Amino acid sequence: MELNDANLQTLTEFLRKTLDPDPTIRRPAEKFLESVEGNQNYPLLLLTLLEKSQDNVIRVCAAVTFKNYIKRNWRIVEDEPNKISDLDRTAIKANIVHLMLSSPEQIQKQLSDAISIIGREDFPQKWPDLLTEMVTRFRSGDFHIINGVLRTAHSLFKRYRHEFKSNELWSEIKLVLDTFALPLTELFKATIELCQTHATDINALKVLFSSLTLISKLFYSLNFQDLPEFFEDNMETWMTNFHVLLTLDNKLLQTDDEEEAGLLELLKSQICDNAALYAQKYDEEFQPYLPRFVTAIWNLLVSTGQEVKYDLLVSNAIQFLASVCERPHYKHLFEDQNTLTSICEKVIVPNMEFRSADEEAFEDNSEEYIRRDLEGSDIDTRRRAACDLVRGLCKFFEGPVTAIFSGYVNSMLAEYAKNPGENWKHKDAAIYLVTSLASKAQTQKHGITQANELVNLTEFFVNHILPDLKSPNVNEFPVLKADAIKYVMIFRSQLPKEQLLQAVPLLITHLQAESTVEHTYAAHALERLFTMRGPNNTTLITAAEMAPFTEQLLNNLFKALALPGSAENEYVMKAIMRSFSLLQEAIVPYIPTLIGQLTHKLLLVSKNPSKPHFNHYLFESLCLSVRITCKANPTTVSSFEEALFPVFTEILQNDVQEFLPYVFQVMSLLLEIHSNSIPASYMALFPHLLQPVLWERTGNIPPLVRLLQAYLEKGGATIAGSAADKIPGLLGVFQKLIASKANDHQGFYLLNSIVEHMPPESITQYRKQIFILLFQRLQGSKTTKFIKSFLVFVNLYCVKYGAIALQEIFDSIQPKMFGMVLEKIVIPEVQKVSGTVEKKICAVGITKVLTECPAMMDTEYTKLWTPLLQALIGFFELPEDDSIPDDEHFIDIEDTPGYQTAFSQLAFAGKKEHDPIGDAVGNPKILLAQSLHKLSTACPGRVPSMLSTSLNAEALQFLQGYLQAATVQLV
């Protein structure tokens with residue numbers, strides 16, 4: 001694509017169409033942009049538009065499109081085409097920093113993100129001058145530019161907070177510190193001076209305080225891995241100024257907004273984080289500064305209001321106290337009973353209160369509320385921080401803290417009892433306090449695993465939780481109901497089973513509550529209870545115990561999906577999946593009605609898939625319905641196909657990318673249930689599965705290979721008969737997969753099924769070409785994974801077509817090739833093969849080569865006979881060789897950047913392991929003994945003499961054992 005006005009005009013028109021709400025206009029435009037993004041100059045056209053377009057909407061749209069393009073394509077993945085030419089890469093890196101700094105803020109943010117994505121790959125090796133280019137801009141004195149640099153530096157360096165330690169990382173951080181630490185410190189001092197100079201200029205202060213916040217964030221990232229020498233030497237400068245900023249109160253910067261945190265709050269929050277980092281990690285060096293920070297942060301907490309805008313600040317301030325109080329050598333700061341009482345009274349209890357803002361979120365923004373409360377993304381909420389502080393204090397002062405709080409809990413519950421309608425928030429806080437006091441250790445899988453002995457959980461459950469669950473009106477006091485449900489869920493491992501069984505029907509009733517939070521919690525609690533394991537590793541709650549409630553459970557779960565706000569509620573869908581899994585054949589009578597509801601739901605969500613977890617559990621539930629019903633009666637598979645195929649067809653026709661991998665898995669499951677024939681409806685689809693476009697997307701590959709394997713297994717002969725013209729297409733797929741290091745094993749799965757299930761004559765003409773392709777790949781790049789798969793294939797070929805056929809095909813490609821493969825690959829590498837079925841195939845194949853291939857007995861291949869036998873005995877007796885050469889570290893498919901529908905394995909669509917040899921061979925060692933016996937009777941004297949001259953003593957001993965076990969002798 002040339003850099004000219006016509007192309008800029010075209011691009012502008014298509015970008016505008018991608019913003020159109022009408023999918024018939026939007027989708028083709030998105031497809032067009034996808035089709036041209038591999039062209040040279042495409043990214044430069046986008047950059048030109050975002051710099052020069054007259055239309056602001058187009059500028060922002062170009063910036064977002066550019067960032068997403070970089071996100072998808074910048075990383076170079078082995079075996080994948082490199083979509084950005086080197087010229088474009090160089091041009092982007094040469095211009096992007098300047099462009100970012102001269103753009104308005106909205107565009108600056110997008111480009112800043114793009115720089116950090118490029119930096120993640122190219123910095124420092126391929127982009128050495130990035131930092132120096134950025135640091136020189138500090139001198140510009142223009143804070144729009146300086147903040148652009150700081151923002152980019154922040155997105156570039158924040159990964160240091162969660163990277164694993166490595167030499168590469170250390171050297172990168174060292175390089176950054178050498179270039180960046182001093183200018184950053186100078187900028188910090190200069191900015192603070194400017195704040196004093198401009199103390200009365202609100203607009204100047206706003207810009208300066210955003211700079212200070214970014215500088216504080218950079219301080220955190222650069223100090224996270226270890227305490228750098230530079231910062232240790234300059235600790236006085238940083239800590240004194242941090243302390244000043246923490247105690248600063250400038251009236252001009254106070255905001256009227258109660259929701260949104262102002263600049264002052266954001267800056268102080270970050271400083272609390274920085275102080276907590278030093279207190280936790282570098283306590284010796286930080287010792288002299290600690291007392292004044294504790295005082296300043298304490299004063300901050302006592303004087304800050306309850307408004308939402310202070311939430312982040314208060315939670316970070318409390319987290320600072322929490323991190324200090326659990327360090328042994330700060331213990332003395334908290335020992336005094338008055339201090340403890342004061343912390344409990346002034347910091348913990350007020351921040352556990354359920355505020356009107358929380359109530360609003362509970363009612364109007366339930367999704368966000370659930371995410372914070374259930375999934376632990378409440379890191380920066382006051383309640384979570386107060387809870388952490390309770391846990392921290394309990395580390396050394398469990399007795400006194402529990403005593404202080406028990407008083408509070410009792411008085412709160414007494415207040416509630418006086419007037420529940422008015423004082424229900426007191427009970428909410430009491431439940432929260434008990435929860436944070438009682439829980440010492442928690443896991444996602446088991447809930448609370450360690451509890452405070454001083455709190456009687458069962459008694460609290462009976463007296464205060466059960467009455468709420470039993471109240472006849474599920475819609476009264478929804479917050480308390482949600483608390484009660486959450487209590488059951490959190491302490492499920494602590495409460496006795498009879499109490500959990502008592503709770504189950506009550507939870508089922510709460511699925512009908514109008515409050516989204518309440519019925520979601522009920523679904524989640526049931527799902528968690530159904531996964532609990534009993535003493536003998538079966539589920540704690542059995543299908544028999546659920547029998548009286550089965551119908552109501554299924555009814556209420558499906559009704560919950562019809563409640564406002566829960567049409568795609570992933571917790572309800574997960575509970576449906578888990579109920580199916582627990583109840584097993586008890587659901588069969590309900591399936592005819594439920595499958596209709598599930599497919600209807602699938603049709604609706606496929607129009608616009610937006611909730612990946614919901615969709616995943618929906619497909620899992622479909623798989624369970626199929627599995628459980630067809631296990632009882634395999635002929636019902638056709639009624640499932642009738643229900644599902646119309647929806648599947650629509651998904652395939654509309655190319656709903658997110659759903660294709662799922663559809664292929666469910667189809668495999670259905671096809672594998674059929675006895676040995678392929679219905680016509682599947683054959684009609686077969687040619688479409690070979691279309692190259694489907695194989696371009698990595699997420700489709702595993703399920704499509706499995707589906708093609710099911711086709712081959714159920715109807716190899718049908719394909720050879722009625723679709724023989726499709727065999728080259730099938731082999732084309734194999735050829736594509738085998739060329740990729742990431743997917744070559746999938747290519748072998750397909751090839752093995754072709755060899756095993758296709759009639760031999762249907763692939764005779766292609767056999768030689770298949771082997772040539774494999775050899776080309778072996779010469780080009782042989783990896784351990786490839787060799788293991790290659791060995792299994794060669795031996796399967798030998799088992800299927802015989803050892804003579806194997807030797808002949810190798811030698812027809814090149815004379816003496818058979819010997820080379822045995823000597824260079826089979827003998828040295830067979831020890832690496834893993835997996836029971838794979839090992840069996842190799843053992844049987846090698847046995848055939850040793851005993852059914854005349855060329856091994858009387859040509860120059862004979863010298864390989866004993867080494868091959870020795871390798872086979874080693875294969876039986878020695879441990880598997882799982883070493884991998886240093887130069888082979890694969891990029892996992894999951895690591896590829898950008899949003900690509902990665903393959904999501906459906907747990908309930910699992911495939912049984914298939915053994916192509918089956919019962920024909922029970923024990924391969926016995927087979928070896930019997931085959932050697934047969935060989936020795938055909939040519940007496942030869943076998944014992946070959947063994948005695950060159951097989952080592954240990955191997956010979958093992959072999960004698962096999963012969964005895966098979967009760968045969970060699971002659």
Side-chain angles (χ1 to χ4, degrees), residues 676 705-706 708-721 724 727-728 730-731 733-735 737-738 744-775 786-813 817-818 821-822 825-826 830 833 835-856 868 872 875 912-924 926-928 930-931 934-935:
N676 294 323
V705 167
R706 175 181 167 190
L708 289 180
Q709 284 184 287
Y711 269 91
L712 290 162
E713 189 189 330
K714 297 295 172 191
T718 316
I719 293 172
I727 296 176
L730 197 58
L731 292 168
V733 169
F734 149 76
Q735 183 174 359
L737 294 173
I738 216 79
D744 49 16
H745 60 293
Q746 297 284 351
F748 276 112
Y749 291 160
L750 190 58
L751 182 58
N752 292 344
S753 290
I754 292 173
V755 166
E756 190 188 342
H757 300 294
M758 293 288 280
E761 65 284 356
S762 67
I763 53 168
T764 313
Q765 64 196 54
Y766 307 110
R767 280 189 216 170
K768 192 166 171 180
Q769 190 53 38
I770 289 172
F771 278 94
I772 291 172
L773 284 172
L774 294 177
F775 283 124
F786 185 85
I787 286 175
K788 283 161 71 166
S789 303
F790 177 75
L791 284 169
V792 174
F793 163 69
V794 167
N795 284 299
L796 179 69
Y797 189 93
C798 177
V799 172
K800 181 80 181 165
Y801 296 129
I804 299 176
L806 183 70
Q807 176 250 318
E808 284 175 348
I809 194 154
F810 276 141
D811 287 345
S812 72
I813 291 171
M817 176 72 108
F818 182 56
V821 172
L822 290 180
I825 299 175
V826 180
V830 72
V833 173
T836 328
V837 173
E838 288 82 350
K839 288 184 140 171
K840 186 172 171 184
I841 292 171
C842 288
V844 176
I846 293 173
T847 300
K848 282 181 168 295
V849 170
L850 285 166
T851 59
E852 295 175 15
C853 177
M856 287 298 286
L868 184 60
L872 178 58
F875 186 53
K912 289 201 291 288
E913 188 164 44
H914 168 68
D915 176 357
I917 296 170
D919 301 333
V921 176
N923 180 348
I926 303 286
L927 176 76
L928 173 64
Q930 291 165 338
S931 306
K934 202 163 148 193
L935 177 68

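Remember, predicted model here, so these are calculated numbers, not experimental data.
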When rounded to the nearest 0.5 angstrom, what is the spacing between [atom1] in [X] and [atom2] in [Y]?
| X | Y | atom1 | atom2 | answer |
| --- | --- | --- | --- | --- |
| F793 | I754 | CZ | CD1 | 9.0 Å |
| L773 | L731 | CG | CG | 9.0 Å |
| K800 | L796 | NZ | CG | 8.5 Å |
| L822 | M817 | CG | CE | 12.0 Å |
| R767 | I772 | CZ | CD1 | 14.0 Å |
| I770 | I738 | CD1 | CD1 | 10.0 Å |

Nearest atoms (heavy-atom pairs only) where [X] meets [Y]:
| X | Y | result |
| --- | --- | --- |
| C853 | F818 | SG-CE2, 4.3 Å |
| S762 | A720 | CB-CB, 3.7 Å |
| I763 | V755 | CD1-CA, 4.5 Å |
| I841 | V799 | O-CG2, 4.1 Å |

Practice problem: Show the numbers, then the answer: is there a side-chain contact (heavy atoms from CB on, under 4.5 Å) between L737 and V705? | Solution: CA-CA 10 Å; L737 294 173; V705 167; 3.8 Å; yes
Can you list, pair by pair, the side-chain donor-acceptor contacts under 3.5 Å of residues 843-852, counting residues two or more places apart and other chains?
| from | atom 1 | to | atom 2 | distance (Å) |
| --- | --- | --- | --- | --- |
| T847 | OG1 | A843 | O | 2.7 |
| K848 | NZ | E852 | OE1 | 3.3 |
| T851 | OG1 | T847 | O | 2.7 |

[Y] side chain reached by [X] side chain, heavy atoms, under 4.5 Å:
| X | Y | answer |
| --- | --- | --- |
| L774 | F786 | yes |
| V837 | H914 | no |
| L750 | L712 | yes |
| F748 | K788 | no |
| S789 | Y749 | no |

Self-check item: Matching residue for Y797 among F771, F810, F790 - test: ring-ring contact (aromatic ring centres under 6.0 Å, His included)
Solution: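 Checked F771, F810, F790 against Y797; only one passes ring-ring contact (aromatic ring centres under 6.0 Å, His included): F771.
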Quiz item: Between the side chains of E756 and N752, is a donor N or O closer than 3.5 angstrom to an acceptor N or O?
Solution: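 No, because no side-chain N or O of E756 sits under 3.5 Å from a partner of the opposite role on N752.
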Practice problem: Evaluate the criterion side-chain contact (heavy atoms from CB on, under 4.5 Å) for residue pair Y801 and L806; output intermediate values, then yes/no. | Solution: CA-CA 7 Å; Y801 296 129; L806 183 70; over 6 Å; no
